[in-house]
Amino acid sequence: MLVLENVISDRGSKYAVAGGPCRSDDEARAFIAELKRRKKFAKATHNSWGLLTEDGPIKNDDGESGAGQVILRMLEREGLHDHIIVVTRWFGGKHLGGDRFRHVQSAVRVYLDELAQDRG
């Protein structure tokens, strides 16, 4: 499990991104449960995620409507299968509007760049 904390901060909201190998909805649930064992992540407002499996795409917005789809699109572009990416947000009190999608994209990009460095 690769966890990158404090990757984005905007108007009080803070973002982190995590990911790792994952092949199914059950494994995704186990991954989220493991992530939430860290008290900080258990208290997060949203843990949105996406995963491309052999059986098709799986996502969960966790209340951040549309965030899972943003993650899925980026996974598809990268051709990254059987690897979950979770974008975590702690709401800071101010609505971000459409900027929240940009932040989800940016967080996923940070993760993908770090993953490429670790593999390279």
Side-chain angles (χ1 to χ4, degrees):
M1 178 182 293
L2 174 61
V3 179
L4 305 171
E5 296 188 38
N6 304 318
V7 294
I8 298 164
S9 184
D10 181 10
R11 290 169 267 179
S13 285
K14 296 188 182 332
Y15 288 81
V17 62
C22 185
R23 292 183 307 274
S24 68
D25 191 40
D26 287 342
E27 285 185 21
R29 290 182 209 283
F31 187 96
I32 297 297
E34 179 67 25
L35 184 64
K36 287 183 172 183
R37 288 183 69 194
R38 300 174 187 215
K39 191 183 289 188
K40 179 178 182 179
F41 286 84
K43 292 182 174 184
T45 313
H46 309 287
N47 284 291
S48 307
W49 57 270
L51 167 66
L52 295 176
T53 70
E54 193 176 282
D55 296 330
I58 309 168
K59 67 179 172 66
N60 187 323
D61 293 333
D62 192 30
E64 185 81 295
S65 185
Q69 189 61 44
V70 171
I71 298 166
L72 281 179
R73 274 199 313 268
M74 294 187 74
L75 286 168
E76 287 169 349
R77 251 185 256 133
E78 289 292 315
L80 185 58
H81 288 76
D82 298 328
H83 196 101
I84 190 171
I85 296 182
V86 182
V87 176
T88 301
R89 177 182 177 194
W90 292 268
F91 182 63
K94 292 201 165 95
H95 292 284
L96 303 180
D99 287 344
R100 70 185 195 279
F101 297 115
R102 187 170 44 83
H103 296 326
V104 169
Q105 276 186 308
S106 296
V108 172
R109 176 57 42 216
V110 167
Y111 180 85
L112 292 170
D113 290 347
E114 184 71 23
L115 186 64
Q117 282 183 353
D118 288 354
R119 289 180 170 176

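In this text the structure is predicted, and so the values were computed from the model without any measurement.
Residues S65 and R100 come closest through the heavy atom pair O-NH2, 3.5 Å. Heavy-atom minimum distance, L4 versus V110: CD1-CG1, 3.9 Å. Taking both residues in full, the closest heavy atoms of I8 and A107 are given as CD1-N, 3.7 Å, listed atom of the first, atom of the second, then distance.
Using a 4.0 Å cut-off between charged side-chain N and carboxylate O, E5 and K40 make a salt bridge. One finds a salt bridge joining D99 and R11 here, because a Lys/Arg side-chain nitrogen approaches an Asp/Glu carboxylate oxygen to under 4.0 Å.
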**Message:** For a side chain to side chain contact (heavy atoms under 4.5 Å, CB included) check, start with the C-alpha distance between L51 and H81, then their side-chain angles and the critical distance, and finish with the verdict.
**Reply:** CA-CA 7 Å; L51 167 66; H81 288 76; over 6 Å; no
**Message:** Please determine whether ring-ring contact (aromatic ring centres under 6.0 Å, His included) holds for the pair Y111 and H83, giving the CA-CA distance in whole Å, both sets of side-chain angles, and the decisive distance to 0.1 Å.
**Reply:** CA-CA 12 Å; Y111 180 85; H83 196 101; 5.7 Å; yes
**Request:** Please report the C-alpha distance between T45 and R89 in whole Å, then the side-chain angles of each, then the deciding distance to 0.1 Å, and finally whether the side chain to side chain donor-acceptor pair (under 3.5 Å) criterion is met.
**Result:** CA-CA 6 Å; T45 313; R89 177 182 177 194; over 6 Å; no
**Asked** Between L115 and L80, does a side chain to side chain contact (heavy atoms under 4.5 Å, CB included) hold up when you go through it step by step?
**Response** CA-CA 11 Å; L115 186 64; L80 185 58; 4.0 Å; yes
**CA sep, side-chain torsions, deciding dist, call: R109, E78, salt bridge (Lys or Arg N to Asp or Glu O under 4.0 Å)** = CA-CA 10 Å; R109 176 57 42 216; E78 289 292 315; 3.2 Å; yes
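At distances below 3.5 Å, at least one donor-acceptor pair connects side-chain atoms of N47 with backbone N or O atoms of F41. In this structure, S48 contributes its side chain and A67 its backbone to no donor-acceptor pair below 3.5 Å. Of the possible donor and acceptor atoms, one in the side chain of N60 sits under 3.5 Å from a partner among the backbone N and O of D62.
Note: the hydrophobic cluster containing I32 also contains W90 (ILVMFWY, side chain heavy atoms under 4.5 Å, direct or indirect links). Note on I58 and V87: separate hydrophobic clusters, where clusters join Ile, Leu, Val, Met, Phe, Trp and Tyr whose side-chain heavy atoms are under 4.5 Å apart, directly or indirectly. Linking Ile, Leu, Val, Met, Phe, Trp and Tyr whenever their side-chain heavy atoms come within less than 4.5 Å leaves V7 and I84 in two separate clusters.
The environment of R37 atom CZ is sparse: at most 12 non-hydrogen atoms of other residues, nucleotides or ligands sit within 6.0 angstrom.
With hydrogens and angles left out, the side-chain atoms of H46 and Y15 include no donor and acceptor closer than 3.5 Å.
Shown here are the side chain to side chain contact (heavy atoms under 4.5 Å, CB included) partners of E27, two or more places apart in sequence or in another chain: C22, R23, S24.
Here the side chains of V86 and V17 are not in contact, with every heavy-atom distance at 4.5 Å or above. Two residues are said to be in side-chain contact when any heavy atoms from C-beta on lie closer than 4.5 Å; V3 and R38 meet this criterion. Contact check for D118 versus L2: side-chain heavy atoms found under the 4.5 Å cut-off. Inter-residue side-chain proximity for K59 and W49 is flagged as unmet; no heavy-atom pair is nearer than 4.5 Å.
Taken to the nearest 0.5 Å, the CD atom of Q105 stands 11.0 Å off from the CG atom of L112.
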Show every donor-acceptor pair shorter than 3.5 Å between a side-chain atom in residues 68-76 and any protein atom, with sequence neighbours excluded, or say none if there are none.
none

